[in-house]
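Below is one structure, written out as structure tokens; the observations come after it.
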Amino acid sequence: MRKTSSRESLGALTLGAMGVVYGDIGTSPLYTMKEVFSPATGIPLDATHLIGAVSVIFWGLMAIVTLKYVLLILRADNRGEGGIMALTALAAKAAGSTPQKRVILLLLGVFGAALFYGDSVITPAISVLSAVEGLEVVTPALKPYVLPICAAVLAGLFAVQRFGTGLVGKLFGPIIVLWFGVLTVTGLVEIAQQPAILAALNPLNGLAFLSAQGAHMFVAVGAIVLAFTGAEALYADMGHFGKRPIQWAWGGLVLPALAINYMGQGALLMRDPSALANPFYRLFPEAWLIPAVVLATFATVIASQAVISGAYSMTKQAVQLGLLPRMAVHYTSAKEAGQIYMPEVNWLLLAAVLLAVVGFGSSSAMAAAYGIAVTVTMLITTLLTFFVIRSGWKYPLPVAIAATAVFLALDLLLVVSCSIKFFQGGWFPLVLGLALFIIMATWRRGRELLIESIRQDDPELMPFITGLSADTVHRVSRTAVYAVANPGTVPQALMHNLKHNQVLHERNVILTVVFHDVPWIPFEERVEVQPLVPGFWRVQVNYGFKNTPDIPNALELCKAKGLPINLFETSYFLSREIIVPTKGTGMAHWREALFALMSRNSGSVAGFFRLPNNCVVELGTRVQI
């Protein structure tokens, strides 16, 4: 029974992985071949070049996706979690006590995370637009309706996010399995009519294709890279499905389906060069075009959903790692903590996606913007993996170099090839990523300056409360919890309480919440309790960057540490800092002003930490940085 249950579980996870993990890379056949042989690339549309290009795509999938991600990088799990943030934490930890190296690795990871948002904008835009463009193949008369329909589909997709993805998620796997099945069947039909395309399985044809291009090779690779976008999702979603289901799904269905479909499109173009207008939809008989457009639209919506959900998760992790201000987080499932909805992120993403759709106007124009952000993220992933292999896994330097050098060379080739398209739209995701990087760096540095200022201006905690314990301050019943960023100084709310109300609670908890650079903190390590003087305790609550903060639940754990707290008799005192930018040391004045703006508009502390609204007292404090 146990083995059967294990097999069923693996099967369910594998099915789920197909729906969520492979939606992005699985919809790349919609536009890749059309872009590789578009007039802009200047690659001749003949049998030799078709076989060569398909060979590069096939062996690129083998090297970049299979060898790099499926076999190597999926091993670099951070307590079962994957993704650029988890890998950054792992690499920084592996760097040990070398501060300079640690800072460089953290900056690399943060920049990679910022670029992810560029991908979160481009993926829904190009995927849905390329699917809806199939209507032009049905009849050119529908061309004026492509952009409005695409915008309506995207608006609907973002509008339903607040209801959660649990119910829709159950349909993802079967629809994507059907999608890959259709890719396989349509590809096989064309291969059967033009079996010469099978020569693409010979890697020498791919190498001959690249060498024959000369310097033009970078233009060709800049288009071929579209076949590999979405590879990063294999690692990012490892925590949701585990390593084995992702590997099984890739080897068992996804890789064969993609390889067969790309060969099928190559075979079709060898037989009928006029099909270049839209080689994917020309694989279908005319009677199947409408169902094909509908299925492709479903598949691209699923691919977009995975990236949108990833943006929510990435933002939540960035907030908890101190890289972004607090934002409202709505939990859409009572069972799955990972199913969240963030309104601010959702509507900002929708605005950026619609801007991209209208600004670029077609999937071909948008293809130039797609690739740079993804390939730079791939490059950063390889660099971080080197440090994990060398410093974390303790492999000898030659082994670490051998394991990553080939992938590093491939990533550099992809980055350089995509950089050629910078002025054709490639600037868009890079500028977006750079802006987010500046925001993240400004918020993190601003918080450091804020804590330094508080530490300088506020009195030390221990001498202050030691003097209070011997004083005759009037005490009232109940427990007061003072949430502070710096546990070594007196909370502003405590001083206000004494100054204006001239009272002190019988039980006072100086509370600090610390987010660690690991995904999860177990319950037994969640709280640390330290008695200070009679009536005062210091409590530190520890969370990983994927834990859901819940202070009342955490305070209940204090009982096992010798501090029972009655939550019905507890008041929470919070300090909201009003930032006053000043010229001088610290950050540039414009960055201080940006930090002050973000601080004013950051989400509620009470909401973020799930504090009961009727038990919270919030006080404002002006702080100069």
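- Partners of Asn553 according to the side chain to side chain contact (heavy atoms under 4.5 Å, CB included) rule, which considers only residues two or more places apart in sequence or in another chain, are Asp550, Glu556.
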May I have the step-by-step check of side chain to side chain contact (heavy atoms under 4.5 Å, CB included) for Thr479 and Asn566, ending in yes or no? CA-CA 8 Å; Thr479 300; Asn566 186 343; over 6 Å; no
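- Screening residues 106-123 for side chain to side chain donor-acceptor pair (under 3.5 Å) gives Tyr117-Thr315, Asp119-Thr123, Thr123-Tyr370 as the qualifying pairs, with residues at least two apart or on separate chains.
- Between His496 and Tyr482, the distance from one ring center to the other does not fall under 6.0 angstrom.
- Between the side chains of Arg478 and Ser571, at least one donor N or O sits under 3.5 Å from an acceptor N or O.
- Listed by chain and residue number, Ile122, Phe360, Pro429 satisfy the side chain to side chain contact (heavy atoms under 4.5 Å, CB included) test with Ala369 (two or more places apart in sequence, or in another chain).
- Residues forming a side chain to side chain donor-acceptor pair (under 3.5 Å) with Arg526 (at least two apart in sequence, or on another chain): none.
- In terms of the salt bridge (charged side-chain N to carboxylate O under 4.0 Å, His left out) criterion, residue partners of Glu618 (sequence neighbours excluded) are, by chain and number, Arg576.
- Among residues two or more places apart in sequence or in another chain, the ring-ring contact (aromatic ring centres under 6.0 Å, His included) test is passed with Phe407 by none.
- Looking at Phe545, Trp520, Tyr543 one by one, the single match for ring pair (Phe, Tyr, Trp, His ring centres under 6.0 Å) with Phe515 turns out to be Tyr543.
- When the side chain to side chain contact (heavy atoms under 4.5 Å, CB included) test is applied to Val514, the partners found at least two apart in sequence or on another chain are Thr512, His516, Gln540, Asn542.
- Partners of Asn613 according to the side chain to side chain contact (heavy atoms under 4.5 Å, CB included) rule, which considers only residues two or more places apart in sequence or in another chain, do not exist here.
- Annotation: ring pair (Phe, Tyr, Trp, His ring centres under 6.0 Å) contacts involving residues 430-450, sequence neighbours excluded, comprise Phe111-Phe437, Trp443-Phe595.
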Listed pairs under 3.5 Å, donor-acceptor, residues 384-394 side chains, sequence neighbours left out:
residue	atom	partner	partner atom	Å
Thr385	OG1	Thr381	O	2.6
Arg390	NH1	Tyr395	O	2.9
Lys394	NZ	Ser391	O	3.1

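- Scored by the side chain to side chain donor-acceptor pair (under 3.5 Å) test, Arg610 finds no partners at all (sequence neighbours excluded).
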Hey, can you pull the donor-acceptor pairs under 3.5 Å for the side chains in residues 344-351, sequence neighbours left out?
residue	atom	partner	partner atom	Å
Asn346	OD1	Tyr312	OH	2.6
Asn346	ND2	Phe158	O	3.1

